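Residue numbers start from 1 in every chain, and the chains themselves are labelled A, B, ... in the order their sequence lines are given, proteins ahead of strands. In this text, all values refer to a predicted model and were calculated from it rather than measured experimentally.
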There are 2 protein chains.
Amino acid sequence: MQQPSPAPRKATGRPPRISREEVVDTARRIVTEEGVERLTMRRLASEVGSTPMALYHHVRNKEELLVLLLDDHAARTLRPTELPSEPRERVVAAAAAIHEALCACPWIVEVLTADDLMSTHALWFVEQLVDGLVDCGLSLERAVQGYRAIWYYTAGEIVVRTTAARRRAGNDRPTYREQVFAGLDADEYPRLAQVADRWEPLTAQDTYRDGLRALVAGLLAAH
Amino acid sequence: MQQPSPAPRKATGRPPRISREEVVDTARRIVTEEGVERLTMRRLASEVGSTPMALYHHVRNKEELLVLLLDDHAARTLRPTELPSEPRERVVAAAAAIHEALCACPWIVEVLTADDLMSTHALWFVEQLVDGLVDCGLSLERAVQGYRAIWYYTAGEIVVRTTAARRRAGNDRPTYREQVFAGLDADEYPRLAQVADRWEPLTAQDTYRDGLRALVAGLLAAH
DNA sequence: GCTACTTTCCTTACATGTATAAAAACTCGC
DNA sequence: GCGAGTTTTTATACATGTAAGGAAAGTAGC
């Protein structure tokens with residue numbers, strides 16, 4: 001789609017009036033200023049001074065646009081930094097860095113699930129993750145499996161939590177969860193009944209890192 | 001929304017011509033026969049002999065309809081069964097049962113993230129999960145945190161894998177992942193380059209249970 | 001300059017979820 | 001039977017993503 005810079009750039013055909021970069025930049029501006037829900041193809045088109053369908057020559061569809069936005073975000077926030085040298089801590093830190101970067105733009109939820117590998121700009125962290133697992137004694141295959149488990153956990157945490165938050169924001173009616181807890185049979189579900197009133201604060205806590213550490217520990221303990 | 005049976009059922013207002021149950025049943029038929037992508041509100045309306053907007057009196061919106069479908073599915077497949085008595089195995093088995101049930105209808109992905117608690121009909125398994133963790137020696141708080149970690153991991157696995165599969169099905173152009181691997185710098189990312197050609201088969205494997213066991217082990221090891 | 005070709009852009013059209021407001025169909029008090 | 005009230009159904013309309021086909025704007029060969 002987009003050649004590396006030294007590509008000779010064939011000078012034929014109608015010259016473009018907008019560029020992919022311009023599209024992505026404008027989209028990012030709209031998203032950061034007004035939120036992702038205001039990003040529509042029509043709005044974006046008028047903002048770059050074009051028509052909706054013209055965008056589709058620079059972007060396959062809206063989803064790809066969001067992927068590009070995510071990539072853009074990753075490029076800005078995810079820089080190779082100092083990671084702990086101790087391999088296990090390196091794994092935790094790399095995963096946490098990815099997690100943190102993703103949490104910062106919760107709108108990517110729709111896209112997050114795009115692939116089992118993240119954007120180019122997160123590759124370095126993925127490398128650190130896999131490498132760290134290998135340094136901990138896992139085989140390469142095991143390390144990749146471990147990475148995927150960590151990615152599942154991370155993606156799931158973000159997706160579940162941000163959609164839950166989004167739901168809470170928009171709706172004032174009782175949650176499905178509240179309904180469930182309300183009609184809970186304490187004889188049949190003693191444990192759940194026991195925590196019913198504490199569920200809200202309990203699930204509000206950010207326990208990502210705890211779970212991550214547990215997962216990593218478990219992955220390593222399996223030899 | 002839906003009262004328990006002994007509710008006196010006020011007999012006032014225009015009598016309904018369709019019921020929520022009928023709507024859900026028809027929706028399920030469409031989904032199982034032709035796939036979720038064929039389930040549109042118009043189609044569903046014409047199938048039950050009504051108009052699109054009439055559906056909205058029995059269902060808040062399409063998403064709620066999907067949640068109901070999921071609940072319906074859970075009710076059919078998730079029955080309390082024999083679980084291992086050993087608590088750790090019970091936890092694994094309960095999570096795996098939920099996972100399996102969800103994998104059977106991959107279309108719920110859009111809905112899966114709805115809440116951090118599943119449908120009523122999965123409650124029994126959640127109870128077993130939390131109870132098993134407590135029996136393993138965790139405090140109740142820790143057990144709930146553990147349940148949530150397991151849920152994140154499970155939801156993430158399903159969401160990521162089914163969207164990846166869906167993408168593969170619809171598109172013949174190269175994946176983002178393939179593009180990334182193609183232009184991989186082996187010096188900068190030695191580990192990833194090392195597994196680049198094995199990535200496809202590696203990620204095709206079903207490693208849910210392995211990761212699950214690792215996670216549970218890690219959660220328990222944290223005392 | 002003219003024709004062929006290529007790339008980008010624009011117009012139109014459609015499917016979809018759903019908001020809004022009105023109409024329809026019933027019960028109840030009289 | 002009649003108006004008031006309530007619930008369900010309908011008609012209409014809008015915003016959105018995007019498919020399809022053609023128009024515009026350039027280059028290359030002649």
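- A distance of 7.0 Å separates OG1 in B:Thr154 from CD1 in B:Ile98, rounded to the nearest 0.5 Å.
- Non-hydrogen atoms lying under 4.0 Å from DNA chain D are contributed by A:Leu39, all within residues 26-39 of chain A.
- When the side-chain nitrogen and oxygen atoms of A:His58 are compared with OP1 and OP2 of C:dC9, one or more of them lie within a distance under 4.0 Å.
- What separates CD1 of B:Ile18 from P of D:dT8 is a distance of 10 Å, to the nearest Å.
- Ring orientation note: the planes of A:Tyr208 and A:Tyr153 are close to parallel, at an angle under 30° on the 30°/60° scale.
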Check nucleotides 24-27 of chain C for protein N or O atoms closer than 3.5 Å to its own N or O atoms and list the pairs.
| from | atom 1 | to | atom 2 | distance (Å) |
| --- | --- | --- | --- | --- |
| C:dA24 | N3 | B:Arg14 | NH1 | 3.4 |
| C:dA25 | N3 | B:Arg14 | N | 3.4 |

Discussion item. For B:Val31 and B:Leu66: C-alpha separation, side-chain torsions, deciding distance, then whether side-chain contact (heavy atoms from CB on, under 4.5 Å) applies.
Written reply: CA-CA 10 Å; B:Val31 167; B:Leu66 289 174; 5.6 Å; no
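- The environment of CZ in B:Arg209 is sparse: at most 12 heavy-atom neighbours from other residues, nucleotides or ligands sit within 6.0 Å.
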Distances under 3.5 Å only, N/O to N/O: pair up the protein atoms with those of nucleotides 11-15 of chain C.
none

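- Rounded to whole angstrom, the span from the CD atom of B:Glu22 across to the C1' atom of D:dT9 amounts to 14 Å.
- A donor-acceptor pair is defined here as one N or O able to donate and one able to accept, closer than 3.5 Å; such a pair exists between the side chain of B:Thr40 and the backbone of B:Arg43.
- The interatomic distance linking A:Met41 (CE) with D:dA19 (C1') rounds to 13 Å, in whole Å.
- At distances below 3.5 Å, at least one donor-acceptor pair connects side-chain atoms of A:His73 with backbone N or O atoms of A:Ala101.
- Between B:Leu55 atom CG and C:dA19 atom P the separation is 13 Å, expressed in whole Å.
- Each end of the helix from C:dG1-D:dC30 to C:dC30-D:dG1 gets its own rotation axis from five pairs of C1' atoms, and the angle between them is 20° to the nearest 10 degrees.
- The two residues B:Leu212 and B:Ala96 have their closest heavy-atom pair at CD2-N, 4.2 Å.
- Annotation for A:Arg38: atom CZ does not count as buried by contact number, only 12 or fewer foreign heavy atoms lying within 6.0 Å.
- Rounded to whole Å, atom C1' of D:dA24 lies 12 Å from atom NE2 of A:His57.
- Between the side chain of A:Glu141 and the backbone N or O of B:Leu202 there is no donor-acceptor pair closer than 3.5 Å.
- A distance of 10.5 Å separates CD1 of B:Ile158 from CD of B:Glu100, quoted to the nearest 0.5 Å.
- Atom C1' of nucleotide D:dT16 and atom CG of A:Asn61 are separated by 14 Å, given to the nearest angstrom.
- With sequence neighbours left out, the side chain to side chain contact (heavy atoms under 4.5 Å, CB included) criterion links B:Glu22 to B:Ile18, B:Ser19, B:Thr26, B:Val48.
- Between the CG atom of A:Leu55 and the CG atom of A:Asn61 there is a distance of 11.5 Å, given to the nearest 0.5 Å.
- The structure places CG of A:Leu39 at 10.0 Å from CD of A:Glu47, a figure rounded to the nearest 0.5 Å.
- Take A:Ala196 and apply the side chain to side chain contact (heavy atoms under 4.5 Å, CB included) test, not counting sequence neighbours, and it matches A:Phe181.
- B:Arg43 has its CZ atom 10 Å from the P atom of C:dT16, to the nearest Å.
- Rounded to whole Å, the distance from CG on B:Leu44 to C1' on C:dT16 is 14 Å.
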